[in-house]
Amino acid sequence: VQLQASGGGLVQSGGSLRLSCAASGRTFSSYAVGWIRQAPDKERDVVAVMVRSGGVMYYADSVKGRFTISRDNAKNTVSLQMNSLEPEDTAVYYCAADSNFKKVILTTPDFWGQGTLVTVSS
């Protein structure tokens, strides 16, 4: 599966952004999907993961209550609605997919999008 992320940009603290990821391939619905981010000089962190059935498996503690992951298997898309953004959310965000949701949680999925930069100013 090929993934194409979009929607990043510059936003002030407290603002919102919505990231989108378009996937190619007819088997998108058979993959767990998620968003992984990497801030400058930091390791990759998983943000949110959704299993193929649409049930949400995981949110990082730092984004609970602020971010919402969703997917539309009919349109082969996965989105991340980010509200109440904080400067600490500044990172490159990658959409990711794998048939094994655990690999997405561990930030080792087989499939990655190209990344989209989110910058939150204070």
Side-chain angles (χ1 to χ4, degrees):
V1 61
Q2 292 184 326
L3 305 170
Q4 182 78 27
S6 62
L10 174 64
V11 64
Q12 289 187 335
S13 181
S16 298
L17 278 176
R18 184 176 180 87
L19 305 183
S20 296
C21 181
S24 64
R26 294 175 292 177
T27 59
F28 175 73
S29 61
S30 66
Y31 290 93
V33 293
W35 292 90
I36 296 167
R37 68 185 181 186
Q38 186 164 22
D41 300 322
K42 293 187 177 180
E43 296 184 350
R44 293 178 302 196
D45 287 323
V46 63
V47 176
V49 179
M50 178 171 274
V51 297
R52 53 191 177 183
S53 65
V56 178
M57 283 299 301
Y58 178 85
Y59 281 111
D61 287 342
S62 59
V63 307
K64 284 180 180 177
R66 301 188 298 122
F67 290 12
T68 303
I69 187 173
S70 61
R71 70 186 295 170
D72 186 334
N73 287 337
K75 296 182 178 180
N76 282 9
T77 59
V78 56
S79 299
L80 185 70
Q81 178 66 42
M82 305 185 293
N83 298 328
S84 303
L85 283 161
E86 303 168 353
E88 292 74 21
D89 296 317
T90 295
V92 176
Y93 284 71
Y94 300 89
C95 59
D98 200 288
S99 57
N100 184 344
F101 71 87
K102 294 179 181 178
K103 292 180 68 178
V104 184
I105 291 176
L106 293 173
T107 71
T108 58
D110 285 345
F111 303 102
W112 293 81
Q114 85 285 9
T116 184
L117 176 63
V118 173
T119 304
V120 184
S121 63
S122 57

Checking the side chain of Asn76 only, and the main-chain atoms of Ser24 only, is there a donor and an acceptor separated by less than 3.5 Å?
no

With the side chain counted from C-beta on, respond yes when Leu85 and Phe67 share a heavy-atom pair under 4.5 Å apart, and no when they do not.
yes

Can you name the nearest heavy-atom pair linking Leu3 to Ala23, along with the distance?
CD2-CB, 3.6 Å

Can you confirm whether Gln81 sits close enough to Ser70 that some side-chain heavy atom of one is under 4.5 Å from a side-chain heavy atom of the other?
no

side-chain hydrogen bond (donor to acceptor under 3.5 Å, both in side chains) partners for Gln2, two or more places apart:
none

Compare all side-chain heavy atoms of Ile69 with those of Val49 and state whether any distance is below 4.5 angstrom.
no

Separation between CG of Leu80 and OG1 of Thr68, rounded to the nearest 0.5 Å:
8.0 Å

Here the gap from Thr90 atom OG1 to Glu88 atom CD, rounded to the nearest 0.5 Å, amounts to 8.0 Å

Would you compute the distance between atom OG of Ser20 and atom CD of Gln4 and round it to the nearest 0.5 angstrom?
11.5 Å

Aromatic Phe28 / basic Arg71 pairing, under 6.0 angstrom, 45° off normal
yes

Do Arg44 and Tyr94 have side chains that get closer than 4.5 Å, going by heavy atoms?
no

Residues 112-121 side chain polar contacts: donor-acceptor under 3.5 Å, at least two apart:
{"unit_1": "Trp112", "atom_1": "NE1", "unit_2": "Pro109", "atom_2": "O", "d": "3.1"}
{"unit_1": "Gln114", "atom_1": "OE1", "unit_2": "Ala5", "atom_2": "N", "d": "3.0"}
{"unit_1": "Gln114", "atom_1": "NE2", "unit_2": "Ala5", "atom_2": "O", "d": "2.7"}
{"unit_1": "Thr116", "atom_1": "OG1", "unit_2": "Gly8", "atom_2": "N", "d": "3.0"}

Closest heavy-atom contact between Val78 and Val33?
CG2-CG2, 3.7 Å

Can you find a heavy atom in the side chain of Arg66 that is under 4.5 Å from one in the side chain of Asp89?
yes

When rounded to the nearest 0.5 angstrom, what distance separates CE in Met50 from CH2 in Trp35?
12.5 Å

Can you give me the closest heavy-atom contact between Thr77 and Ala22, atom names plus distance?
CG2-CA, 4.4 Å

